[in-house]
Amino acid sequence: MAVGLAGIGAVMVGAPSASSAPAAPPGIAILPDLPEPGDAQFAAGQSNIVPPVAPAAKDIGAVPIQSAAAGFYTCSGFGTIDDQTPLGALYRDTYTWGPFAPVKVGNGGGNINWRLNPYKNASWYMWFHSLRWLGQGIIAAGQGDLTALTRVNTIAYDWYRDNPYSWKGDVGAWESTMHRTNVLICLRQAILSGLQTTTLPARYAWLNTALVSHAAFLINNWSGAWNHGTDESIALFGLGCILNRTDYKNLAQQRLAVGITTSIDAEGSTNEQSTAYAQFNYSLWGRAATVLQNCGVSPGTTIANRRTLMATWLALATNSLGKLHQIGDSEVVATYPWPVRRWSTPAHWAPRARHRLGGSGSTRPATSSAAPAGVPPGASPANRRTASGSDRPGRSTGTATTPA
């Protein structure tokens, strides 16, 4: 359901000359994409809760937060979900995901039918409800494109109006809550950037209310010690950071402390029985540490130590072609050469074993001790374009970084 209040209006008194025209907003900072598996991970009628089985880390936020810490939370991006839905498609209410043909999901004015699932595909439906497909519009809005801002705000508001709390009865809306929370945070940042203001205008007050309802859902529906629970805790902490809610931040860091020792065990192995998800968890926990630090909480040493152990685990799970063995829910993917300290981990050198062992593809790629700005340090040349988001003009990574 779309309503007029969801849009924005702009009134200009006179047109500025070329010399006096204000500079366009620089846009919002966006973190590089993580090596995130694309399919939904849920089955109707089954629990997606993974109980922690190891003692919690004691060094994450060891001192409880007494007041809101100064800091920031960077837009976590849109994965690659927005790649297939350019700005023009958003103006037609058209959504595309994966191998499926584009679908017009609304009336052309931002009034979306959120119950659509024409391909009867759980992943299509989950990413539809994630709102990540609004990414290119949010990026444009952050750069001052008021038409784009009107459209993405209208669609996001339509989701909020048509899916009142609690949306737990809709498994796709439930599954995507952590992702949608981050999209709404990105939208909030784009509004502030695009309108060049530091305070959310009254007509966008719905957004803060929606974020609080998402926080309530995350508080009441934690998935536990696996990647979903980690993603949820990062999003909840981000809400605490931008809304100055110490209760959100405290609970999120407690859950991260509980989750890390089960998600990555004392031997560096994953509890998800999948090499691909081990690789995702390696990068996800690096992001968690950065998020904590950026908003005034020390991540301690447990996260870094467990990631170092997992780097070795990933190296041992790499074959002579530089690919991860297909164990569990894993496609054929290259091992990311993530270093912990300047190209120094086994995970960095494992993909290069193919050259020493005479694997196919004989040319050894040139390497550098520094990755391009906005690219996860150690990302292979083949992955740099996607990781940096440079295939989408105008995407700004600002000063945001993903820890090595």
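Basis for what follows: all heavy atoms, side chains included, without hydrogens, waters or symmetry-related copies.
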key: Non-hydrogen side-chain atoms of Leu207 and Leu187 separated by less than 4.5 Å   = yes

request  = Drop me the distance from Ile138's CD1 to Leu131's CG, to the nearest 0.5 angstrom.
outcome  = 7.5 Å

task = Mark yes or no for whether Thr262, through its side chain, and Pro52, through its backbone, hold a donor-acceptor pair below 3.5 Å.
result = no

inquiry  = I'd like to know whether Trp114 forms a ring-ring contact (aromatic ring centres under 6.0 Å, His included) with Phe128, so could you lay out the CA-CA distance, the side-chain angles of the two residues, the decisive distance to 0.1 Å, and finally the verdict.
reply    = CA-CA 8 Å; Trp114 298 105; Phe128 179 41; 4.9 Å; yes

key: From Gln279 atom CD to Trp313 atom CH2, the distance as rounded to the nearest 0.5 Å   = 10.0 Å

message = Strictly below 4.0 Å, N to O, side chains only: are Arg115 and Asp162 in salt-bridge contact?
response = no

request  = Answer yes or no: is there a side-chain heavy-atom contact under 4.5 Å between Leu146 and Leu195?
outcome  = yes

task = Using a strict 4.0 Å threshold on nitrogen-to-oxygen distance, state whether Glu36 and Arg132 make a salt bridge.
result = yes

query = Does the side chain of Arg287 come under 3.5 Å of the side chain of Thr290 through a donor N or O and an acceptor N or O?
reply = no

request  = Please examine the side chains of Leu284 and Ile234, heavy atoms only from C-beta on, and report whether any two atoms are closer than 4.5 Å.
outcome  = yes

task = Spell out, as yes or no, whether a donor-acceptor pair under 3.5 Å connects the side chain of Ser193 to the backbone of Gly142.
result = yes

Sidechain-backbone polar pair: Asp93 side chain, Gly108 backbone, donor-acceptor under 3.5 Å = yes

query = Tyr248 and side-chain contact (heavy atoms from CB on, under 4.5 Å): which partner among Ile242, Leu211, Leu236, Leu218?
reply = Leu236

task = Could you go through the side chain to side chain contact (heavy atoms under 4.5 Å, CB included) check for Leu134 and Asp82 one step at a time?
result = CA-CA 6 Å; Leu134 304 183; Asp82 62 327; over 6 Å; no

inquiry  = Is the shortest side-chain heavy-atom distance between Trp174 and Ser166 below 4.5 Å?
reply    = no

inquiry  = Looking only at the aromatic ring of each residue, does the gap between the centers of Trp127 and Tyr95 stay below 6.0 angstrom?
reply    = no

key: Leu87 and Asp145: CA distance, side-chain angles, deciding distance, side chain to side chain contact (heavy atoms under 4.5 Å, CB included) verdict   = CA-CA 11 Å; Leu87 196 52; Asp145 186 331; 4.0 Å; yes

message = For the aromatic rings, using the six-membered ring if either is Trp, is the centroid distance between Trp133 and Phe78 under 6.0 Å?
response = no

ask   = Could you walk me through whether Ser130 and Ser176 pass the side chain to side chain donor-acceptor pair (under 3.5 Å) check?
value = CA-CA 5 Å; Ser130 78; Ser176 61; 5.9 Å; no

query = Mind checking whether Pro299 and Ile60 have side chains closer than 4.5 Å, heavy atoms only?
reply = no

query = Do the side chain of Asp59 and the main chain of Thr301 share a donor and acceptor less than 3.5 angstrom apart?
reply = yes

inquiry  = Taking Thr154's backbone N and O only, do any of them form a donor-acceptor pair with Asp158's side chain (distance below 3.5 Å, no angle check)?
reply    = no

task = Could you check His228, Glu232, Arg255 and say which one makes a side-chain hydrogen bond (donor to acceptor under 3.5 Å, both in side chains) with Ser223?
result = Glu232

ask   = Are side-chain N/O atoms of Asn281 and Arg307 paired as donor and acceptor at under 3.5 Å?
value = no

message = Using the ring pair (Phe, Tyr, Trp, His ring centres under 6.0 Å) criterion, which residues pair with His214? Sequence neighbours excluded.
response = Trp159, Trp167

message = Could you check whether any side-chain heavy atom of Met126 comes within less than 4.5 Å of a side-chain heavy atom of His179, counting everything from C-beta outward?
response = yes

ask   = So, Arg306 and Asp265, do they make that salt bridge, N to O below 4.0 Å?
value = no

query = Can you find a heavy atom in the side chain of Trp97 that is under 4.5 Å from one in the side chain of Phe100?
reply = yes

task = Measure the shortest side-chain to side-chain distance between Val103 and Thr94 over non-hydrogen atoms and say whether it is less than 4.5 angstrom.
result = no

ask   = Going through the checks in order, is the side chain to side chain donor-acceptor pair (under 3.5 Å) test met by Thr96 and Thr85?
value = CA-CA 6 Å; Thr96 306; Thr85 307; 4.6 Å; no

